[in-house]
Amino acid sequence: MNSPSSTFDQDATKHALVLGGGGSAGNAWLLGVLAGFAESGVDLTGAARIIGTSAGATAAAQLTGATPAALYEAACQPMTGKSPPGSRAVSPAHGTVNLLAATDEISAAANSPADMRRRIGAMALQAAPSSDTAAQERWRATVAARLPEHRWPSHELLITAVDADTGSPKVFHKQSGVALVDAVAASCSNGFAYSIGGHRYIDGGYRRNENADLAAGCAHVVVLAPFAGRTRHPLSWAMQLDAQLDELRETGSKVFTIYPEASSAHLFGASAMDYSLRPQAARAGYAQGLARAAEFANVFG
């Protein structure tokens, strides 16, 4: 894995915001937390570097064209069903639970993170070939409809993915020559591989679920983690959030973390893709943002 310090601008005066993966419910929770902070006069979205992974990539991109308050209001609107048609990239052979079981099996058989990524990439490539342009176009249209703005923002936005053919981690940014919609679609592609040019990508959470290490070199780092730092991989692989936070502290960053309260933790498991849970998750995040904003006011207010 490449060191982010050798790739991105290092400025010890910068603040960074890390938005981790967490499914549909996780996206709503992230928006709720940010709206609660903003309501209290603390604008976390003003960070010079924002890092988004999967559901967090969607949230990060949504923030380029709408306020946290507006996004929170939309997330609170009631929805029914597990997900609207074409709302996520999942293999036709795998529902959410079956996909979790399949990737758990792959992780157990893999001998390293790179091996795990290659194996999951191979499964995704089998699930839907890149020649299935209709599926690709439907997924892109779904992602595009979620984003109020399709241009990359002026601040540093990093969107993570994994190359399905090689298993290599990929970080998209405005200099990558890739449209923001495509970067987000790749980062959220879980179950089949999303094509961009001659490359195919899977969910950025297979790099690391939060990818907080990409904030290295920033003075203050706020990590919003819907999955509360949990990992489904061996701890020896150092994929877990605690390992990422240790790396940040070693580079001199001061790190703040926000996880869902125990009372809402059930929203961020196997049911995280259930669209009907979005209002509940958004309101839970909003309450946390209101409650915790004062802790951050001196640094981010």
Side-chain angles (χ1 to χ4, degrees), residues 4 15-37 44-47 49-66 68 71-72 74-75 87-89 143 146-149 152-153 155-162 169-173 180-190 194 201-215 218 221-231 239-241 244-245 248 255-260 264 267-269 272-273 277-278 281-282 284-286 288-289:
H15 300 331
L17 174 64
V18 179
L19 303 177
S24 179
N27 171 266
W29 178 82
L30 291 168
L31 298 175
V33 172
L34 295 171
F37 268 82
L44 295 182
T45 68
R49 180 182 302 169
I50 298 181
I51 297 152
T53 297
S54 196
T58 302
Q62 288 171 317
L63 291 165
T64 67
L71 294 168
Y72 168 65
S87 67
R88 65 175 310 215
V143 173
R146 294 172 176 170
L147 306 186
E149 172 60 66
W152 287 89
H155 63 262
E156 192 174 31
L157 172 59
L158 309 182
I159 302 293
T160 64
V162 169
K170 177 68 177 180
V171 180
F172 295 108
H173 46 82
L180 179 61
V181 172
D182 288 316
V184 175
S187 188
C188 298
S189 186
N190 197 359
Y194 182 75
Y201 298 96
I202 56 175
D203 197 294
Y206 294 121
R207 179 190 181 274
R208 278 176 144 176
N209 191 62
E210 298 81 12
N211 293 298
D213 58 294
L214 294 174
C218 293
V221 181
V222 179
V223 182
L224 275 58
F227 288 146
R230 299 189 302 273
T231 182
M239 299 273 284
Q240 66 272 20
L241 180 57
Q244 301 169 46
L245 300 183
L248 287 172
V255 182
F256 306 83
T257 58
I258 303 176
Y259 305 150
S264 60
L267 302 173
F268 310 103
M273 289 308 305
L277 299 179
R278 283 179 61 80
Y286 183 74
Q288 283 188 258

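When all heavy atoms of Ala183 and Ile159 are compared, the pair lying nearest together is O-CG2, 3.5 Å. Of all the heavy atoms in Ala59 and Leu31, the pair that sits closest is CB-CD2, 4.0 Å. A pairwise comparison of heavy atoms in Ala215 and Leu248 identifies C-CD2, 3.6 Å as the closest pair. Shown here for Pro260 and Ala225, the closest heavy-atom pair between the two residues is CD-O, 3.2 Å. Gly22 and Pro226 get closest at one heavy-atom pair: CA-CB, 4.0 Å. Smallest separation of non-hydrogen atoms from Ala60 and Gly52: CB-CA, 4.3 Å.
Considering only heavy atoms from C-beta on, Thr45 comes within 4.5 Å of Pro68 through its side chain. Inter-residue side-chain proximity for Thr160 and Pro169 is flagged as unmet; no heavy-atom pair is nearer than 4.5 Å. Side-chain atoms of Leu71 and Leu34, non-hydrogen and from C-beta on, never get closer than 4.5 Å to each other. Contact of the Phe37 side chain with the Ile258 side chain is registered, since non-hydrogen atoms from C-beta on lie closer than 4.5 Å. Inter-residue side-chain proximity for Pro148 and Gln62 is flagged as met; some heavy-atom pair is nearer than 4.5 Å. You'll find the side chain of Glu156 stays beyond 4.5 Å of the side chain of His173, heavy atoms only.
Taking CH2 of Trp29 as the reference point, atom CG of Leu277 lies at 15.5 Å (rounded to 0.5 Å). Interatomic distance, Ile50 CD1 to Thr64 OG1, rounded to the nearest 0.5 Å: 9.0 Å. For the atom pair CG of Leu17 and CG of Leu224, the computed distance is 6.0 Å after rounding to the nearest 0.5 Å. A distance of 7.5 Å separates OG1 in Thr231 from CG in Asn209, rounded to the nearest 0.5 Å.
Side chain of Gln244 to main chain of Met239: a donor-acceptor pair is present (N/O by atom type, distance under 3.5 Å, no hydrogens or angles). Side-chain N or O atoms of Asn27 include one that pairs as donor or acceptor with a backbone N or O of Ala55 at under 3.5 Å. Side chain of Arg207 to backbone of Val162: no donor-acceptor contact under 3.5 angstrom is found. A donor-acceptor pair under 3.5 Å is formed between the side chain of Arg49 and the backbone N or O of Leu214. Of the possible donor and acceptor atoms, none in the side chain of Ser189 sits under 3.5 Å from a partner among the backbone N and O of Ile202. At least one donor-acceptor pair closer than 3.5 Å links the side chain of Gln288 to the backbone N or O of Tyr259. Proximity of a side-chain donor or acceptor of Arg230 to a complementary backbone N or O of Phe227 within less than 3.5 Å is detected.
Exactly one of Asn211, Asp203, Thr58 qualifies for a side chain to side chain donor-acceptor pair (under 3.5 Å) with Thr53. That residue is Asn211.
Ring planes of Phe172 and Tyr201: perpendicular class, angle over 60° (limits at 30 and 60°).
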